[in-house]
Amino acid sequence: MQIKHLAQLALASGVSAQTLQDMLAQQNATLSILNGFLEQQQALFNSLTNTADITVLAPSNNALSNLPQDVVNKASTDPNFLSALLSYHILNGTFYTSNLTSAQKPLFIQTLLNSSSYANVTGGQRVVSDVKSNGDVNLWSGALSPATVQSNNFNFTGGTIHIIDSMLSMPSNLTTTLLASNLTAAVGALQQSHLAKTLDQQSELTVFAPNNAAFEAIGSLIADMTADDLKNVLKYHVVEGQVLYSGMVTNGETQGTMQGAKVTFREEDGELWVNGAKVLAANMLMSNGVVHVIDGVLNPENPSAEPNPVAATPAPAFIGASATGGIPFTTGITPPAATSTSNGPAATITVGPGGW
Ligand SMILES: *[C@@H]1O[C@H](CO)[C@@H](O)[C@H](O)[C@H]1NC(C)=O
Ligand SMILES: *[C@@H]1O[C@H](CO)[C@@H](O)[C@H](O)[C@H]1NC(C)=O
Ligand SMILES: *[C@@H]1O[C@H](CO)[C@@H](O)[C@H](O)[C@H]1NC(C)=O
Ligand SMILES: *[C@@H]1O[C@H](CO)[C@@H](O)[C@H](O)[C@H]1NC(C)=O
Ligand SMILES: *[C@@H]1O[C@H](CO)[C@@H](O)[C@H](O)[C@H]1NC(C)=O
Ligand SMILES: *[C@@H]1O[C@H](CO)[C@@H](O)[C@H](O)[C@H]1NC(C)=O
Ligand SMILES: *[C@@H]1O[C@H](CO)[C@@H](O)[C@H](O)[C@H]1NC(C)=O
Ligand SMILES: *[C@@H]1O[C@H](CO)[C@@H](O)[C@H](O)[C@H]1NC(C)=O
């Protein structure tokens, strides 16, 4: 039997062997709610018991008792949802905290979540880790929802367990991800140009999402744009077939977009830029890729726009455009409630892990 075999190996190497089940039970004072969820998921639990080289991110009782009611209801009534949610808390690989704290840049770690509703990306949906200035490990999940490792390195025969202070939030599609961060103009523009549904259901995307102020700044021009013009501009904000987390592009690199023209990535004084637009929040995970929030609408007719790190307000890439008052495209788009949930994304833009 697999477990017995592992136990013998561990004994032979002088390490006391504890299975995943033993270790979770040993921490039951902190993990009883999670243990209860796992009991409802015997198939998943058995497969985890037989999988070597994993890291379990175990939400504490405190984290799980603060869940929003809609998540609790869904987890209790939809076994596929619960199974997906638990799989998202399992990293592919044994990452001791030293592995996470020694990284110089954010890590984009593959999880066992591979259901295409939440992970239409190659190799399993990611969790992002980076290190706080006090040395704590941050974990970022869907739409930049934060969690922190609160106690760590509970080793078992197949890997290790870290206890975390918030449940991870499974990434959602582009529209839902943008709405969660109040990027209502981007959502409205995508809907008006009939791109929203396509981009919600296409795998492997990188999307640059201008914030509301960026759309507001070119209000004069937007009034005269045809649906085709708008679509052309928005397609310049999408790289297809590649999920470009920040650590994967280099300063000066260019990438072709869905529109056809290329965008250029740059780093200036530690800030990240796409053409002449600054990245305000990098690495917002969505089900089918990643979103980087930027402070300007990119112009496919002006691909040579360059960063201007000293400008007080960003200069639009559309020459002569100006604000006309009001944020375009937001009619009929419902913004998120002002109060964010304990584990969900903040309704305002969170600055997550950065660094190209
Ligand atoms: C964990 O604690 C809960 C509640 O106290 C209890 O019902 C459950 O049987 C315990 N589970 C284990 C694996 O010890
Ligand atoms: C973990 O990643 C490796 C390498 O990418 C892959 O071959 C393996 O199937 C993954 N394991 C699981 C359990 O997803
Ligand atoms: C963790 O760090 C150790 C020691 O540097 C290394 O051997 C191991 O491959 C690392 N694990 C992962 C998953 O990167
Ligand atoms: C998804 O993960 C499950 C459990 O790890 C595995 O059985 C299944 O083969 C995976 N599916 C794909 C498409 O990789
Ligand atoms: C778990 O294993 C890692 C790597 O060998 C080690 O650094 C850590 O101290 C171990 N944890 C405990 C609680 O012994
Ligand atoms: C996007 O996700 C939301 C929330 O899960 C869902 O209601 C909507 O149908 C999805 N959109 C598409 C086009 O799949
Ligand atoms: C995932 O992407 C593929 C290819 O783009 C698409 O056909 C499929 O509908 C997507 N799945 C979901 C759940 O959006
Ligand atoms: C969403 O954005 C709008 C305008 O950009 C702002 O008025 C509103 O306060 C924001 N909502 C939240 C919850 O931050």
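Indexing begins at 1, ligand by ligand and atom by atom, following the structure's order. Note that these values count all heavy atoms, side chains included, but never hydrogens, waters or copies made by symmetry.
For the 3.5 Å distance criterion, the side chains of Gln26 and Gln18 qualify, holding a donor opposite an acceptor.
The distance from ligand 7 to the heavy atoms of Ser203 drops below 4.0 Å at these ligand atoms: 2 (O), 4 (C), 5 (O). Remark: ligand 2 atoms within the under-4.0 Å shell around heavy atoms of Asn92 are 1 (C), 2 (O), 3 (C), 8 (C), 10 (C), 11 (N), 12 (C), 14 (O). Per-residue contacts place Leu112 under 4.0 angstrom from the following atoms of ligand 2 (heavy atoms of the residue considered): 12 (C), 13 (C), 14 (O). Within ligand 7, the atoms closer than 4.0 Å to a non-hydrogen atom of Ser116 are 11 (N), 13 (C), numbered from 1 in the order shown.
Linking ILVMFWY side-chain heavy atoms closer than 4.5 Å, directly or via other members, places Val297 and Ile319 in two distinct hydrophobic clusters.
Within 4.0 Å of ligand 5, contacts by protein heavy atoms are made from Tyr96, Asn153, Asn155.
Among residue pairs with one or both ends in residues 273-287, those qualifying as salt bridge (charged side-chain N to carboxylate O under 4.0 Å, His left out) are Glu271-Lys278; sequence neighbours excluded.
Counting heavy atoms under 4.0 Å from ligand 2, residue Ile54 does not touch it at all.
The line from CG of Leu174 to CE of Met286 is 5.0 Å long, rounded to the nearest 0.5 Å.
Listed by chain and number, the residues in a ring-ring contact (aromatic ring centres under 6.0 Å, His included) with Tyr88 amount to none (sequence neighbours excluded). Every residue meeting the side-chain contact (heavy atoms from CB on, under 4.5 Å) condition with Leu48, not counting sequence neighbours, appears here in chain and number order: Leu20, Leu44, Ile54, Ile90, Leu112.
Geometrically, ligand 7 and Asn120 share a nitrogen or oxygen pair separated by less than 3.5 Å.
For the pair Ser87 and Ser83, the tightest heavy-atom approach, listed with the atom from each and the gap, is OG-O, 2.7 Å.
Each of Leu91, Asn153, Asp53 was evaluated against Thr160; a single residue qualifies, Asn153, per the side-chain contact (heavy atoms from CB on, under 4.5 Å) test.
At a threshold of 4.5 Å between non-hydrogen side-chain atoms, the residues Val291 and Leu178 count as touching.
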